[in-house]
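Written below as structure tokens is the structure these notes are about.
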Amino acid sequence: MPTSNDTRHRVSRPRRAAVRRGRAAAAGVPGPVIGRVIGPVIRPVVGAVVVLPLALVASGGTALADAATPAARAAAALGEQAGPAAVLLRVALLAGTAVAGGITLVHGMLGLLDGDGRRAPRDSSRGLFGGDAPRGLLVTAWVAAGVVAAAAEITHLTGSVSVLGTVAHVVLGLLAAALLGTRWSAGPGALLLVLLAAQLGSAHTGLAFALDATYAVAAGVLVGVTAAAAESRRAGLAPGPGAGEPPAGSSRSGSSRSGSSRSGPSRSGSSVSGPAGRCPGPGLPAAGARSRAAAEAPTVPFTAETLAGVDDEVARDARPRSGVLARVAITAGFVAVVAGTAQVVVSGPDTAHDLTGSGYGLAGLAAVVLPVLVVAGWAVALLPAGRLRARELYRIAWGAGVAGIAAAALLATLPLPGPGPEPGRPLLRTVDAGAGRLAVLVAPMRPGPNLVRLSGTGYPPPGTTSGTANGTANGTAVQPVALATGGHDHGPRLPTAASVSTDPTSAPAVPFTARDGAAGGWAVVDLPAGASTLTVSAGGVTSTVPVDTGSATATPAPPAQAALIGPDGPECAAALLGDLVGQRPGDVTPEAGTCPSDALSDADAGALRATVRTLTDHGVRSVRVMGDGSPRSRAAAELVRTRAAEAGARLVERPDADSALIVVSGWTPAAATLREASARALETPTHLGGTYLAPWLLTGQVVTRTSSSVVPLAFNPQDQRAKRYAGEVGAAFPGEAPSTSGYVRWAAHSGVPLDDRPTLFGAAPVDVPMTVNAPGDAGGHHGGGNPAAWFPNGTVVPVSAPLDPS
């Protein structure tokens with residue numbers, strides 16, 4: 001029946017809408033409805049990644065990087081590290097959780113958008129609970145769930161994950177894979193990403209934890225969206241505008257809606273009632289749907305141009321899902337890059353040198369760069385030139401996203417590099433030494449001569465170039481041996497010597513040598529003004545340490561610089577270590593100012609006065625004083641001589657049987673003096689009046705040079721606070737013996753008061769064969785002694801009541 005143009009127009013519009021809805025439902029796309037839900041989908045995702053950090057910061061504490069002092073970083077790097085198996089398990093667990101959670105969350109959200117009109121895509125499989133999903137996506141989800149279950153169970157058996165965490169990982173991983181293809185998979189997928197956020201941020205608190213959690217959620221969503229896009233391409237969904245899309249307006253022009261445009265012959269060979277099940281292309285409905293739509297309006301001419309217009313509209317309606325995926329991927333990638341970059345800034349490393357020169361820095365850099373590559377892959381796939389290779393691009397981007405999560409998971413297993421150098425402040429770092437790591441101390445960080453100290457044992461004495469004495473064998477210098485915290489000292493290994501250089505290509509390397517009265521290796525190097533590096537070779541491994549001496553001139557040298565490079569350098573270094581170990585979170589690293597040997601303190605002067613009065617009261621009438629040329633030693637020797645003379649004691653210059661020996665020199669001369677006196681005592685009676693040491697000489701490498709001695713102290717070495725200091729300094733610098741100078745500096749930072757009245761303590765060896773440490777106690781056994789003890793293989797106990805220091 002002939003009708004007017006208006007009638008045809010009114011009838012064709014609802015019909016076209018019906019056909020469009022049917023074809024969109026057949027293609028698995030909800031048509032125009034999806035355009036209205038893009039905003040509600042994007043907004044919660046963006047809102048979650050914005051609100052999550054704020055909520056975690058509000059409930060968290062201070063970032064771990066802010067709480068980690070230089071000593072804490074060194075102790076963590078020198079402590080027991082996770083083995084390869086533990087690292088692999090953590091990476092597998094977190095990467096598998098991200099893949100399983102991201103895929104099921106994204107696919108479940110797409111199912112919620114599709115609603116009841118969802119249609120199984122091509123090349124799909126039926127899930128365990130009846131859901132339809134692309135076969136590749138289903139296989140990937142089950143593999144990831146299996147990896148999560150296995151890694152969680154093995155990690156639980158090693159004691160790293162609780163029972164509740166293991167059950168949560170196993171149940172959620174398997175449940176998410178089983179529900180894939182249904183709209184309910186979004187629930188366990190979201191919970192898996194929550195677990196991922198909690199585990200990835202377990203090494204941090206506060207802001208650093210929030211950044212880790214944000215990165216975990218964003219990276220997991222990015223991985224899931226990219227995997228879904230790759231399989232959607234396989235199922236026939238276009239990632240963007242079709243390559244053969246006609247110019248805009250060709251199907252909606254005014255002529256297409258006119259009566260003349262709808263008149264004409266029908267499309268031959270392409271009628272609506274074509275072969276059943278024949279689908280002209282992705283996004284078009286089946287022939288049966290076309291036939292039903294045509295039967296509902298038999299009076300309207302359904303021309304080829306009309307069908308083409310409907311096809312164009314359907315093609316445009318099939319594109320919003322890919323638009324949602326692209327927007328979610330780019331948003332998640334942007335959030336992951338921002339969170340990863342912020343984490344590098346907040347948690348370290350502190351220098352550009354460590355960002356590219358340490359494993360921790362490279363892992364953090366990979367966690368930032370790999371999401372950028374994923375977003376770049378999406379951008380290329382959406383371009384006309386990249387549509388033909390979109391699936392390959394999505395697969396490559398998916399692998400980069402998983403690698404980024406693996407790099408972020410690796411961060412918690414790697415030691416955080418040491419702090420950046422600051423002019424005028426001591427630098428405490430760690431370097432590789434073959435099978436272990438060594439601690440290195442550089443001070444005072446000023447242009448000119450600087451003291452470099454390396455932990456470990458087996459260093460040759462100064463000037464040794466051949467022979468087999470003290471650290472060489474057959475003319476080959478020995479290498480240092482790392483003292484692991486809580487381990488044993490097994491002696492030196494051959495054959496590589498340890499050395500340090502400012503420029504390996506031009507400057508000669510300075511070998512590390514031993515010093516009498518102190519443990520470890522010692523070297524003095526000239527540092528140029530400004531930023532540079534030190535090259536440390538130990539155990540056959542070469543490491544670089546960043547240094548920065550500032551712009552000051554090399555002369556005149558500050559007081560600490562002169563003392564550090566002289567005989568009193570070991571004691572000055574011990575005091576600096578006490579400063580660093582006593583430093584509390586948020587405190588500024590103390591400057592390398594004056595050394596203890598620069599002046600005689602009031603407390604030490606009072607202790608010496610009390611010592612002289614005590615020994616003269618006990619009938620000692622002959623005193624021998626041994627000092628050196630340092631300002632403190634000269635003042636102390638003068639004080640002792642004056643008080644001894646006032647008490648009627650005779651001052652002698654040579655050792656004899658009746659005299660008391662009072663040593664007020666520095667560590668190195670004191671060790672030589674005590675060793676000589678002990679050797680003489682084996683031949684003839686010497687210093688029967690006793691051996692008395694100045695307070696600053698209580699350190700393992702000095703007091704062990706004599707069979708017994710008396711030391712006036714303003715603290716008790718057997719006190720728990722003194723033991724805590726000994727443990728902390730030994731953890732930050734293995735092999736470092738506790739000392740009075742270091743404890744005084746540590747106590748000042750910790751707020752530990754010293755006694756107003758000194759007490760005399762006796763230091764003597766106590767031989768207990770086959771001594772075995774208590775659980776958790778550091779040190780060796782079988783007579784090896786604890787290098788962190790105040791008197792290795794001995795004891796320090798009070799032998800007097802508190803004395804009057806006046």
Side-chain angles (χ1 to χ4, degrees), residues 24 27-29 34-35 38 41-42 45-46 98-99 102-103 105-107 109-110 113 121-124 133-137 139-140 218-248 250 279-284 311-338 340 366-405 407:
V29 182
I34 199 170
I38 291 178
V41 172
I42 295 296
V45 175
V46 177
V99 172
I103 288 177
L105 173 64
V106 171
H107 204 266
M109 293 299 297
L110 291 177
L113 289 178
R122 293 181 300 169
D123 196 20
S124 64
R135 185 177 297 114
L137 210 61
V139 171
T140 303
V221 171
L222 181 62
V223 168
V225 170
T226 307
E231 294 303 325
S232 295
R233 290 287 302 178
R234 184 176 183 180
L237 290 177
E245 181 183 0
S250 61
C279 184
L284 297 180
D311 292 345
D312 295 339
E313 292 183 7
V314 173
R316 282 191 292 271
D317 290 338
R319 291 193 299 271
R321 171 182 285 186
S322 63
V324 170
L325 294 179
R327 294 183 185 183
V328 172
I330 293 175
T331 301
F334 175 77
V335 172
V337 172
V338 171
V368 175
V369 173
L370 290 172
V372 174
L373 298 180
V374 177
V375 175
W378 270 90
V380 174
L382 293 176
L383 295 176
R387 291 194 189 112
L388 296 178
R389 311 284 296 184
R391 191 180 179 199
E392 290 79 1
L393 289 172
Y394 289 142
R395 286 184 168 181
I396 295 174
W398 180 82
V402 175
I405 295 175

| Minimum-distance pair of heavy atoms, taken over all atoms of R395 and A230 | CG-CB, 4.2 Å
Could you pull out every donor-acceptor pair under 3.5 Å between side chains of residues 398-405 and any protein atom, sequence neighbours left out?
none

| request: Walk me through it: do V106 and L325 pass the test side chain to side chain contact (heavy atoms under 4.5 Å, CB included)? | output: CA-CA 9 Å; V106 171; L325 294 179; 4.3 Å; yes
| Could you state the interatomic distance from CG (L383) to CG (L393), rounded to the nearest 0.5 Å? | 9.5 Å
| Shortest non-hydrogen separation from L137 to H107 and the atoms involved | CD2-CD2, 3.4 Å
| field | Minimum heavy-atom distance G333-V375, with the two atoms named | value | CA-CG2, 3.7 Å
| request: Identify the heavy atoms of A332 and V221 that sit nearest to each other, and give their distance. | output: CB-CG1, 4.1 Å
| Where do Y394 and T226 come nearest, in terms of heavy atoms and distance? | O-CG2, 3.1 Å
| remark: Between A336 and A219 the two heavy atoms that sit nearest each other are CB-N, 4.3 Å
